[in-house]
Number of protein chains: 2
Amino acid sequence: MATLRDVARLAGVDPSTVSRVVNGDQDLVIKEETRQRILKAVETLGYRPNAIARSLRLQRTRTIGLLVPDICNPFFPEVIRGAEAVASEAGYHVIFGNTDDDPAKERRFIDTLLAARCDGLILATAMTRDQTIEYLSEQGLPFVLVNRYTLGTDHYVVTDNLQAGREAVAHLIELGHRRIAHLAGPLFTDTGLSRLQGYRTALREAGITFHSAYVEECDFKEASGYEGARRLLQLDPRPTAIFAANDLIAIGVYRAAAEAGLRIPDDLSVVGHNDIPAATYLHPQLTTIRVPLNEMGRSSARLLVELIERGEATETPVVLKTELVVRGSTAPPRE
Amino acid sequence: MATLRDVARLAGVDPSTVSRVVNGDQDLVIKEETRQRILKAVETLGYRPNAIARSLRLQRTRTIGLLVPDICNPFFPEVIRGAEAVASEAGYHVIFGNTDDDPAKERRFIDTLLAARCDGLILATAMTRDQTIEYLSEQGLPFVLVNRYTLGTDHYVVTDNLQAGREAVAHLIELGHRRIAHLAGPLFTDTGLSRLQGYRTALREAGITFHSAYVEECDFKEASGYEGARRLLQLDPRPTAIFAANDLIAIGVYRAAAEAGLRIPDDLSVVGHNDIPAATYLHPQLTTIRVPLNEMGRSSARLLVELIERGEATETPVVLKTELVVRGSTAPPRE
DNA sequence: CCCACACAGTCAAACGATTTCACGGGGGTG
DNA sequence: CACCCCCGTGAAATCGTTTGACTGTGTGGG
């Protein structure tokens, strides 16, 4: 592969001149004819600047890291897509990694990214310990948190999970439900906790007493949603509605309801959270909270690029709006 | 951030000696005491070899590119996960990119990866023109194709789509179906075409005549599956079973069937392809062809790493086994 | 006549590692 | 005693760019 020197030799000029021409240096005074000669040499040799050499010289790689716990969780593909699109447009490559919510794996990955001298990091990992945040701050590497808030940084992109939970449950109450259960996410996550608080807030505002038996903790996956729902549906009196902390859990509820011979929404109303594509694949389609997943990804990349290039971000943190999408899975209770 | 020189200065040795110690050079003869002194210096300074400088010197980046058409298609997350896991274990970073099946975008992305001097490429893009393959071969960059076969390279990881289609349809025939329709994938894709051929093969083997009215071409997405199914279900006589070219299309069939008041599997049997997670979220759960998605990703990364490091691969191409998974969406036809 | 300045580039030193070759001193061999 | 080898390390080239400082003409003004 041709280098700057090769091009210079062919064009009969100094490598530095080629560099300036290729990079469009404004201060360079050069005869149009020489310019053309250089450009032609670039063309014939198929010259492509070596990004590695450039990175070494410039002390920046135009590369960012993107860590997610598990790309197979349908929450993340959209986020990744948005982030990659913005990064790509801004001229950055995205190095991608799965952490499986394993702090050791996360740490290892960050270390290799540090060695690769990447310019910044997007962390979409729910479980990230503040240890990681501290470590990152120490290293002086710009980073942005997605769907997670923590002390120690203002650079994060979130939605108002409490408000979303409150709105979801208020919708059920408005339909006439009183016995509303909640399948919570892991309570060590910010999102799981806030949605539970939203649930409690809505109940309180409607003057409905909170029963801890109506809350089961799940892990944001379908299987645990199914398990949790089975337990809830055996309760007496049985809840007439369930607010699931995410759509995957809600899908588990559908399965449990079908097995128990309960029809949605006639016998049981269900609300989810996130509005993943699968929410509309269900029958009936799932009432849920729409989260602008793609926009979360885009915002986080925008924020990070700004942080890298200007050293500070204009608007941060970013709090995005969610919206209740009413579909077929919610209806007034029978009775 | 500390450099080799800093460490050398602190330990009172030459940078080259530090390099040898850090890289565990076998030929190096060194006093244990000096070794320890160097290691201690590395520790105190928090020295981390600069991968950029190393890449420049070594002419390899330990980075591979991974191109998919659309990460939001549930086929890909598992593949990506598998590939990333293997790459990571082998000490490679994965640069990820969405092409949206846009050849221009794909080309741009490859060009930036070429500039970044990545060591190899995994292409999971269905639409890839042979132009791209040619270009890549010209550049001498090792690459592996996933879920796609083409002339001009032996390095690909696939499943036998024809056989899978044949098996899916044979299952329906065995249940007693005769009026079997097919919602095909895009016929410019290898996978779409092969599954259609499998469908035709199974019909032929059973002595059932092929009706082109029973085949609709879709684009592997839920919406077009829905549209296609609506058309098929208006046919007279109506098909009693549909083989969908992928699970997303099958999900569209569920929606169309529900709207038409048809029950699955009583009034209509459905078979999909891929066994994405959503296949089990449906009610009834979808009978489908299980594709080892994760293993496809793993194999492709293994193949690529071997190609990069040894210059050739031991077993290539890789053809993985698929398996019919019978669930609740198929049953004998009523009548 | 001399200085300043525009022009058209060139020179050389980084950036941070790796690796080949060389070297000085000590010990063993003939 | 001369020679050689081995040990432990050092010097220097190299990878491909970028960039601040510089050079050597020619032209114009005072």
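Letters A, B, ... are given to chains in the order of the sequence lines, protein chains preceding strands, and every chain is numbered from 1. Bear in mind that the values here come from a model prediction, so they are computed numbers and not experimental data.
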Exercise. With Tyr156(A), which residues qualify under ring pair (Phe, Tyr, Trp, His ring centres under 6.0 Å), at least two apart?
Worked result: Tyr149(A)

Exercise. When we call it a touch if two heavy atoms are under 4.0 Å apart, what does Thr3(A) touch: a base, just sugar-phosphate, or nothing?
Worked result: sugar-phosphate

For this session: Determine: side-chain N/O of Gln59(A) to OP1/OP2 of dG16(C), distance under 4.0 Å, yes or no.
Result: yes

Polar atom pairs (N or O), protein with nucleotides 23-25 of chain C, under 3.5 Å:
none

For this session: Report the distance from atom CG of Leu58(A) to atom CD1 of Ile52(B), rounding to the nearest 0.5 Å.
Result: 11.5 Å

For this session: Could you state the atom-to-atom distance from CG of Asn23(A) to C1' of dG16(D) in whole Å?
Result: 13 Å

Exercise. Can you tell me if the side-chain N/O atoms of Ser16(A) get under 4.0 Å from OP1 or OP2 in dT19(D)?
Worked result: no

Exercise. Rounded to whole angstrom units, what separation is found between the CG atom of Leu28(A) and the P atom of dG20(D)?
Worked result: 13 Å

For this session: Could you tell me whether Glu43(B) atom CD has more than 12 heavy atoms of other residues or ligands within 6.0 Å of it?
Result: no

Problem set entry | Under 3.5 Å: donor-acceptor pair, side chain of Glu306(A), backbone of Thr314(A) | yes

Exercise. Is a side-chain N or O of Asn98(B) found less than 3.5 angstrom from the main chain of Ile71(B), in a donor-acceptor match?
Worked result: yes

For this session: Using the closest heavy atom to pick a nucleotide of DNA chain D for each, name whichever of Asp14(A) or Met1(A) lands nearer the 5' end.
Result: Met1(A)

Exercise. Counting any heavy atom closer than 4.0 Å, what does Leu4(A) reach on the DNA or RNA strands: base, sugar-phosphate only, or nothing?
Worked result: base

For this session: Return yes when atom CD of Glu32(A) has more than 12 non-hydrogen atoms of other residues, nucleotides or ligands closer than 6.0 Å, and no otherwise.
Result: yes

Seminar exercise, completed: residues 63-77 of chain A vs side-chain hydrogen bond (donor to acceptor under 3.5 Å, both in side chains), sequence neighbours excluded, gives Asp70(A)-Arg81(B)

For this session: Would you classify Ser19(A) as touching base, sugar-phosphate or nothing, given that sugar-phosphate means primed atoms plus P, OP1 and OP2, and contacts are heavy atoms under 4.0 Å?
Result: base

Exercise. Could you state the CG-P distance from Asp25(B) to dC7(D), rounded to the nearest angstrom?
Worked result: 14 Å

Problem set entry | Distance (rounded to the nearest 0.5 Å) between Gln59(A) CD and Arg54(A) CZ | 14.5 Å

Problem set entry | Length of the line joining Arg60(B):CZ and dA17(C):C1', which is rounded to integer Å | 15 Å

Problem set entry | CG-CG distance between Leu56(B) and Asn50(B), expressed to the nearest 0.5 angstrom | 10.0 Å

For this session: May I ask you to say whether Arg9(B) pairs ionically with Asp6(B), meaning some side-chain N is under 4.0 Å from a carboxylate O?
Result: yes

Exercise. Near DNA chain C, under 4.0 Å by heavy atom, which residues of residues 31-56 of chain A?
Worked result: Lys31(A), Thr34(A), Leu56(A)

Under-3.5 Å N/O pairs linking protein and nucleotides 23-28 of chain D:
none

For this session: Please confirm whether any donor atom in the side chain of Arg20(A) sits under 3.5 Å from an acceptor in the base of dG20(D), or the reverse.
Result: yes

For this session: Find the distance Ile30(A):CD1 to dA6(C):P and express it as a whole number of Å.
Result: 19 Å

Exercise. What's the CZ-C1' distance between Arg57(A) and dG16(C), to the nearest Å?
Worked result: 13 Å

Exercise. Going by number, which of residues 109-120 of chain A have a non-hydrogen atom under 4.0 Å from DNA chain D?
Worked result: none

Exercise. About how many Å separate CD of Glu295(B) and CD of Glu78(B), when rounded to the nearest 0.5 Å?
Worked result: 11.5 Å

Problem set entry | Reported CZ-to-CD1 distance for the pair Arg35(A) and Ile30(A), which is rounded to 0.5 angstrom | 7.5 Å

Exercise. Is the closest side-chain heavy-atom distance between Leu67(B) and Phe96(B) below 4.5 Å?
Worked result: no

Exercise. Any ion pair linking Arg62(B) and Asp119(B) (charged N to carboxylate O, less than 4.0 Å)?
Worked result: no

